[in-house]
Amino acid sequence: MSKLATRDGIGSDLLDWYEATKRDLPWRRTRDPYAIWVSEVMLQQTRVETVIPYWERFLERFPTIEALADAPEPDVLKLWEGLGYYSRVRNLQKAAQVVKERHHGIVPDNLDEMRALPGVGPYTAGAVQSIAYDRDVPAVDGNVFRVLSRLYLIEDDIMKPKTRKIFEDLAEFLIPAGRAAAFNQGLMELGARVCVPKNPRCGTCPVQAHCKGFAEGVAESLPVKEKKKPPRPVDMTAAILRDGDRVLIRRRPDKGLLASLWEFPGGERLPDETLEQSLTTHLCQDLGLTVEPLHLFAQVEHTFSHLHWNLRVYECAVRSGQVRVAEDVQWVALADLEDFAFPVAHQKIVKQLVGLI
DNA sequence: CACCCGTGGGG
DNA sequence: TCCCCAAGGGT
């Protein structure tokens, strides 16, 4: 750490630049720890421009910890529809319930208690504690990894968990006393607007003079990051079952991919399965129905972070069996489909269906 | 540690 | 088109 014993001007240069140029983001207009927390969860792996309208709607509908804690989960999920990584909001609501019941509805003002809440990891805890409570703790996200790896020419693979401590220690060391809120946000802002992954704007960088990566001409090749594997292709089938103006939908399991979202019934079609076999497997086992595919209604390609669905949707006729309507299996009028939270892949089907009205 | 968990935008 | 990626966390 001795070679880093030059806290030099990074802190003050970055703070000056941040205060002078920071964006006017809605969550920067509040000091409410809950509102800031919500923004940090939404911003996980998600762009600022995408988050803004979601954050506005979410805070309007659930303005307090208690409002979120007491809300029906389907309502919460509906407001998150389209944002992805849905376990984020399920954990957020669980955490809100813990805060309501065990912390008098007040977001904990220390790192350990915050970290203990579901969905709160090292980044989110550090971000909320520094931004909302002015605690001098680091908040290391992807931007900070990139900025610091360039500034100090650190070549450790940032995808490896053990690398995290190197950057957290450095980020903490660099915090100007009492200024973690602005400093942490300054590092992230710099990563988002100047020290970007490709074609970094080193010419306008406020800390270029301190940047070892720039001096060595290797800034753009940092950080070192292992490539991730391409998404695995999966064939999927889904059935449109109609009864007058109503269609059958069901809720996905409360764990795993797209947990608790609604969908048109179906599932994975294994490589050696026929269409009928696949539909029978999923509809018969899950709903007690056998069906006959009538015609291809839609074909949807959808890529997730780790999967690629080729989803074939067939309008079907019920051949035998009776639909067991339950809390998680419902006939819904086309006009009411919008009340349910669907994953994007199935929203494409909803659009076609509603277009028929 | 390796893998799972979404989505939309940009180069 | 394809690949990368964006204020990560859970298991």
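What's counted below: heavy atoms across the whole structure, side chains too, no hydrogens, waters or symmetry copies. So that the names make sense, note that chain A is the first sequence line, chain B the second, and so on, each numbered from 1. Treat the numbers as computed from the prediction; the structure is a model and nothing was measured.
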Q. Out of B:dG6, B:dT7, B:dG11, which nucleotide sits closest to the side chain of A:Q45?
A. B:dG6
Q: Please check the phosphate of B:dT7 (OP1 and OP2 only) for any side-chain N or O of A:H302 closer than 4.0 Å.
A: yes
Q) Can you tell me how far P of C:dC5 sits from CZ of A:R47, to the nearest Å? A) 11 Å
Q) Under 4.0 Å between a side-chain N/O of A:H306 and OP1 or OP2 of B:dC5, yes or no? A) yes
Q: For A:Q299 and A:N310, test the side chains for any donor-to-acceptor distance below 3.5 angstrom and give the result as yes or no.
A: yes
Q) Please give, in whole Å, the distance from C:dG8 P to A:W80 CH2? A) 12 Å
Q) Given the C1' atoms of C:dA6 and B:dC5, what is the spacing between them in whole Å? A) 15 Å
Q: Scan side-chain atoms only and decide if A:S260 and A:R251 contain a donor-acceptor pair under the 3.5 Å cut-off.
A: no
Q: Would you kindly compare A:P118 and A:L43 by the position of their nearest DNA chain C nucleotide and give the one closer to the 5′ end?
A: A:L43
Q) Of the candidate nucleotides B:dT7, C:dG8, C:dG10, which contains the atom at the shortest distance from the side chain of A:N91? A) C:dG10
Q.
Any side-chain N or O of A:R88 below 4.0 angstrom from OP1/OP2 of C:dG10?
A. no
Q.
Any carboxylate oxygen within less than 4.0 angstrom of a Lys/Arg side-chain nitrogen, looking at A:R61 and A:D75?
A. yes
Q: Please state how far atom CZ in A:F145 lies from atom C1' in C:dA6, giving the value in whole angstrom units.
A: 14 Å
Q) With a 4.5 Å heavy-atom cut-off, do A:Y85 and A:Q44 have their side chains touching? A) no
Q. Does A:Y86 place a side-chain N or O at less than 4.0 Å from the phosphate oxygens OP1/OP2 of B:dT7?
A. yes
Q | Selection from C:dC4, B:dC5, C:dG9 that lies nearest to any side-chain heavy atom of A:K227 | A | C:dC4
**Q.** Side-chain ion pair, A:R252 and A:D328, N-O less than 4.0 Å
**A.** no
**Q.** Nearest listed nucleotide, side chain of A:P161, among C:dG10, B:dC1, B:dG6
**A.** B:dC1
Q.
Considering every strand and a 4.0 Å limit on heavy-atom distances, what is the contact class for A:P230: base, sugar-phosphate, or nothing?
A. nothing
Q) What integer distance in Å separates A:R252:CZ from B:dC5:P? A) 9 Å
Q. Contact class for A:R28 (heavy atom, under 4.0 Å): base, sugar-phosphate, or nothing?
A. base
**Q.** Among B:dG6, C:dC5, B:dG11, the nucleotide that comes nearest once only the side chain of A:K225 is considered
**A.** C:dC5
Q: Write down the distance between CZ (A:R115) and C1' (C:dG8), rounded to a whole number of angstrom.
A: 11 Å
(Q) Using whole Å, what does the distance between atom C1' of nucleotide B:dC5 and atom CG of A:L307 come to? (A) 9 Å
Q | Nearest-nucleotide 5' precedence on DNA chain B, A:K160 against A:L257 | A | A:K160
Q) Taking CG from A:L222 and P from C:dC4, how many angstroms apart are they, rounded to a whole number? A) 17 Å
Q: Answer with base, sugar-phosphate or nothing: what part of the nucleic acid does A:V120 contact at a heavy-atom distance below 4.0 Å?
A: sugar-phosphate
(Q) What's A:T46 touching, base or sugar-phosphate or nothing? Going by heavy atoms closer than 4.0 Å. (A) base
Q) What distance separates A:F145 CZ from A:F167 CZ, expressed to the nearest 0.5 Å? A) 6.0 Å
Q.
I'd like the C1' distance from C:dC5 over to B:dG6, given in whole Å.
A. 13 Å
Q) Has A:R102 got more than 12 heavy atoms of other residues, nucleotides or ligands less than 6.0 Å from its CZ? A) no
Q: Give the nucleotide from the list B:dG11, B:dC5, C:dG8 with an atom nearest to the side chain of A:S305.
A: B:dC5
(Q) Can you see if the side chain of A:K198 gets near the phosphate of C:dC3 - specifically, an N or O under 4.0 Å from OP1 or OP2? (A) no
(Q) For C:dG9, does the base pair up with any side-chain atom of A:S87 as donor and acceptor (N or O, under 3.5 Å, distance only)? (A) no
(Q) Both A:A345 and A:K229 contact DNA chain B. Which one's nearest nucleotide lies toward the 5' end? (A) A:K229
Q: Please state how far atom CE in A:M188 lies from atom C1' in C:dA6, giving the value in whole angstrom units.
A: 12 Å
Q.
It should be established whether A:T303 places a side-chain nitrogen or oxygen under 4.0 Å from OP1 or OP2 of nucleotide B:dT7.
A. no
